[in-house]
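Just so it is clear: chains get the letters A, B, ... in the order the sequence lines come, proteins before strands, and each one is counted from 1.
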Amino acid sequence: MKKSPLIARLARKFDQEVGYARTLRKEVVRKIFPDHWTFLFGEIALYSFVILVVTGIFLSLLFSPGSEPVIYHGSYAPLDGVPMSQAYRSLLHISFDVRGGLLLRQIHHWAADLFVAAIVLHIVRLFFTGAYRAPRQTNWLIGVTLLILAVTNGFFGYSIGGDLLSGTGLRIAYAVVLSCPLIGPWLAFLVFGGPPPNPMLLPRIYSLHIFLVPAVIALFLTLHLGILWRQKHTNYPGPRRNDSTIVGSRLWPNYAIKSIAMFLFVSAVLVALGAFAQINPVWIFGPYFGPAVSAGSQPDWYLGWAEGAVRLLPRLNIHIFGHQIPQPFYAGFLLSIIAFAWLYFWPAIGARLLRDKGTHHVLYLPREHPWLCALGMAVLAFFFVLLLGGGDDVIAVLFNSRVLHVRYLFRILLVALPVAAAAATYGFLRLRGGK
Amino acid sequence: MNEPSRATRALAIISLIVAVLAAFALCFAYWLTSSTQVLGGLLALALFAAGAGLTLWGRGYMQHEIVEGEREPLASSEEEWNELARDIQTGADTIGRRRFLVGALCAFAGALGIAGISFLRSLVPHVPTKVLWHTPWKHGVRLVKLDGSPIKADELPVDSFAVVFPEGHIDNLSGATNLVRVKEDLLDLPPEQKSWAVKGIVAYSRICTHAGCPVAQYEDSKHVFSCPCHQSVFNVLNGAVPIGGPATRPLPQLPLGVDSAGYLIATSDFKSPVGPGFWSIK
Ligand code: FES
């Protein structure tokens, strides 16, 4: 008799210890996955996270977040002899003196941008097809939490470098937290250790960035996937698809091959971006020096809307009980709270609007609910205008006009575009045969 | 197994060979070059070719079979749920004086939680209000430039603009101050701030009261500061009151004087906190 391969013998041995054949066959090998391209966003997010962890471990072994002042004498000549923080020096070291360092740094940054983008697209898909309905409300909440964690960790990530751009970003973030009523000063000092820059700041954020937040992300991601596995995917409406069936291809081998290929493609795209598309060239910004500023400084795209809100929302001199409510509070803090609260409550709100609290495993098509889709498009348009508004000074330079004029235009758009988007969506979906 | 078309099979095989070759090339390239483009390009090529090869292989050889499966109900049956509840209840019944035990454990957890939160205090190095209301400026501290040199009032030409720091605290951001000299009769300061200017020289905190960026630009034709971050504009002549942009609070003014050697000094700290606003500012 032919001897079975080593791996099979080892697997059999382990089965004799725990006995998993039945479960593995039913829950993995024969598991059915629906095929639809819109189901890929979550997968892309997952793979981006894997790449973030791999590249992040490499970078964390080389980076030192200290803020002690040092004089640079590395191989990047333009900054030779310039005083800077240890963190910034180590960033230059990784970028210029470590083989493959710049590549991994850029892959890491691109992966973070893709991670958040994929989560956002994933949530948009769930919203427009009703995947937030019972029994998936809990998993929706976990997903929204993952979005918040991803954005937070992205911000932490590009803030620890000690460069001028991120130093400015940290000061603005500090101002937003500081502006919170009542607890603002204590909260800001708890997170930032005092007004930036200060010696505690970078090591503290670094620790959160490489340890605490990723651990929480991993935890929620595991829960998210666990629930998904148990509940199985939804199906788009179609023949033989109803609430007691699941239609698609089996994990082994079809879906496994597709998914591995997907992982390879996501990695390939991120590596290619890291190799050929420069991102966050910190050596151009120079080291952080308090009294200086880099004009036209922009946050990463997923915080552009917050920056835009701070710019576009008008100044209101609000006082309650003789206390000040600074503009960064309602433009930065309050808006984020409202946005995420809306997302958290959406399964409940949606069920009310649909007058349907029942369990669904078959999705709806956007055209079946034009009103809901119009609402979703309006919200997207609002944040899109804020995102563009975060770069109003850059846009003004681009079109050779004055920042204030651009800003007024964006303020008008902030109201007009959501209305227009909602109307257009509603009209379009009705034409396509909605009810 | 499907029989793939010749073209598909050829492409799949070529892709996989390219993937292997690119990966091998990367092993050598690492020792030969530190070029980001070469290393990244090879790695991307290897990954992409492997992905393409796998996809083509799958398309060609595997059956694309759509299968239909059952969904079992997710919720436990009424019976299972009741059994669980019963077992938990039975177990609980064997614990004597349950109320006391539960109460004690809750109190314990609550107290420990509060103790844990108290430890967060150790992460806050200074009491915020103490830090936020103070800068290194005080009576008699000289204004110095970035290179540490003090400034004589008479040496400053009209319409000049300088960044100054408290002597001995040049790296301190909260002390960073914008110094401007204008024609004395143009100044229209609030009554209680009139005496803070010296010969048309006024000094204001450089930290924007909106979100804390340095207020870096001075337009001498309009006598305004503007902040590059969100374009707040402050009128230098009347006490740096914001006249545009999102800022709502004037930049705090530094009371100026001249010491016996003729150098500019501060006569006190700023009277209100520098930088972005917070709850306890009136
Ligand atoms: S920080 Fe100066 S305008 Fe916002």
Side-chain angles (χ1 to χ4, degrees), chain A residues 32 99-100 102-103 135 168 171-172 174-175 178-179 181-182 184-186 189-190 193-195 197 200 230-232 240 243-250 253-254 257-258 260-261 264-265 267-268 271-272 274-276 290-293 295 310-311 315 317 322-324 326-328 361 403-404, chain B residues 30 34 36-37 39-41 43-45 47-48 50-52 54-55 57-58 62 64-71 74 120 123-126 128-129 131-132 146 163 171 173-174 176 206 210-214 216 228-231 242 244-249 275-282:
Chain A
I32 295 168
R99 184 157 293 192
L102 180 62
L103 177 65
T168 308
R171 287 195 60 93
I172 295 175
Y174 163 80
L178 184 73
S179 69
L182 211 59
W186 281 98
F189 273 54
L190 178 65
M200 283 192 180
R230 168 88 181 114
Q231 294 182 331
K232 303 185 166 78
R240 293 182 299 151
D243 282 335
S244 53
T245 60
I246 165 104
V247 179
S249 50
R250 290 220 193 276
N254 292 47
I257 298 239
K258 256 190 228 167
I260 293 170
L264 293 169
F265 284 139
S267 318
V271 173
F276 302 112
V293 75
V310 171
R311 292 179 187 212
R315 66 166 153 167
N317 213 342
H323 290 284
Q324 202 194 17
Q327 191 254 11
H361 294 291
V403 179
L404 284 185
Chain B
Y30 178 87
S34 60
T36 300
Q37 287 79 18
L39 297 179
L43 181 54
L45 178 65
L47 291 166
F48 183 81
L54 212 51
T55 306
W57 197 276
M62 279 161 16
H64 190 71
E65 189 192 15
I66 295 291
V67 285
E68 179 182 332
E70 284 271 303
R71 267 179 210 278
L74 293 166
L120 286 180
L123 296 176
V124 184
H126 310 286
T129 45
V131 176
L132 293 173
L146 198 53
V163 186
D171 54 354
L173 193 53
S174 67
R206 187 172 162 81
H210 174 232
C213 286
C229 278
H230 319 103
Q231 289 79 32
T248 54
R249 207 162 59 89
F278 51 94
W279 180 248
S280 39
I281 296 182
K282 291 282 172 293

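A:Pro185 touches chain B through backbone and side chain together, each having a heavy atom under 4.5 Å away. When heavy atoms are compared at a cutoff of 4.5 Å, B:Leu54 approaches chain A by way of both its backbone and its side chain. Heavy atoms closer than 4.5 Å to chain B are found in both the backbone and the side chain of A:Lys232. Both the backbone and the side chain of A:Pro181 come within contact range of chain B, each with at least one heavy atom under 4.5 Å from a heavy atom of that chain. Contact of A:Val403 with chain B is made through the side chain alone, with heavy-atom distances under 4.5 Å. Residue contact with chain A, scored on non-hydrogen atoms closer than 4.5 Å, is absent for B:Leu45. Of the two parts of B:Glu65, only the backbone, made up of N, CA, C and O, holds a non-hydrogen atom closer than 4.5 Å to a non-hydrogen atom of chain A. When heavy atoms are compared at a cutoff of 4.5 Å, A:Ile32 approaches chain B solely by way of its side chain, counted from C-beta outward. Both the backbone and the side chain of A:Gln324 come within less than 4.5 Å of a heavy atom of chain B. With a threshold of 4.5 angstrom between heavy atoms, B:Val67 approaches chain A through its backbone and through its side chain.
Distance CZ/A:Phe276 to OG1/B:Thr36: 10.0 Å, rounded to 0.5 Å. A distance of 8.5 Å separates OG1 in A:Thr245 from CZ in A:Arg240, rounded to the nearest 0.5 Å. Here the straight-line distance linking atom CD1 of A:Ile260 with atom CG of A:Leu264 works out to 7.5 Å at 0.5 Å rounding.
B:Arg206 contributes no side-chain N or O that, together with a main-chain N or O of B:Ala176, makes up a donor-acceptor pair within less than 3.5 Å. The closest donor-acceptor contact from the side chain of A:His323 to the backbone of B:Trp279 lies under 3.5 Å. A distance-only check finds a donor-acceptor pair linking the side chain of A:Gln327 to the backbone of A:Val310 [under 3.5 Å].
In terms of heavy-atom pairs under 4.5 Å with chain B, the best-connected choice from A:Ile246, A:Leu404, A:Val247 is A:Ile246. In terms of non-hydrogen atom pairs under 4.5 Å with chain B, the most contact-rich of A:Pro326, A:Ala175, A:Ser244 is A:Ser244. Chain A forms more heavy-atom pairs under 4.5 Å with one residue of B:Gly40, B:Ala44, B:Pro128 than with any other, namely B:Pro128. With chain A as partner, the option from B:His126, B:His210, B:Glu70 having the largest number of non-hydrogen pairs under 4.5 angstrom is B:His210. Note on A:Pro195, A:Gly193, A:Gly100: by heavy-atom pairs under 4.5 Å with chain B, the leading option is A:Gly193. When each of B:Gly58, B:Gly69, B:Gly212, B:Ala52 is checked for heavy-atom pairs under 4.5 Å with chain A, B:Gly69 comes out on top. Listed options B:Thr129, B:Leu74, B:Leu120 were ranked by heavy-atom pairs under 4.5 angstrom with chain A; first place goes to B:Leu74. In terms of non-hydrogen atom pairs under 4.5 Å with chain B, the most contact-rich of A:Leu103, A:Leu190, A:Leu182 is A:Leu182.
The minimum heavy-atom distance linking A:Leu178 with B:Pro276 is given by the pair CD2-O, 3.7 Å. Across B:Arg249 and B:Gly275, no two heavy atoms sit closer than the pair NH2-O, 2.6 Å. Scanning both residues, A:Arg171 and B:Leu173, for their nearest heavy atoms gives NH1-CD2, 2.6 Å.
Evaluation of the side chain to side chain donor-acceptor pair (under 3.5 Å) rule for B:Thr55 yields no partner, not counting sequence neighbours.
Annotation: A:Phe265, atom CZ; neighbour count of heavy atoms from other residues, nucleotides and ligands within 6.0 Å is above 12.
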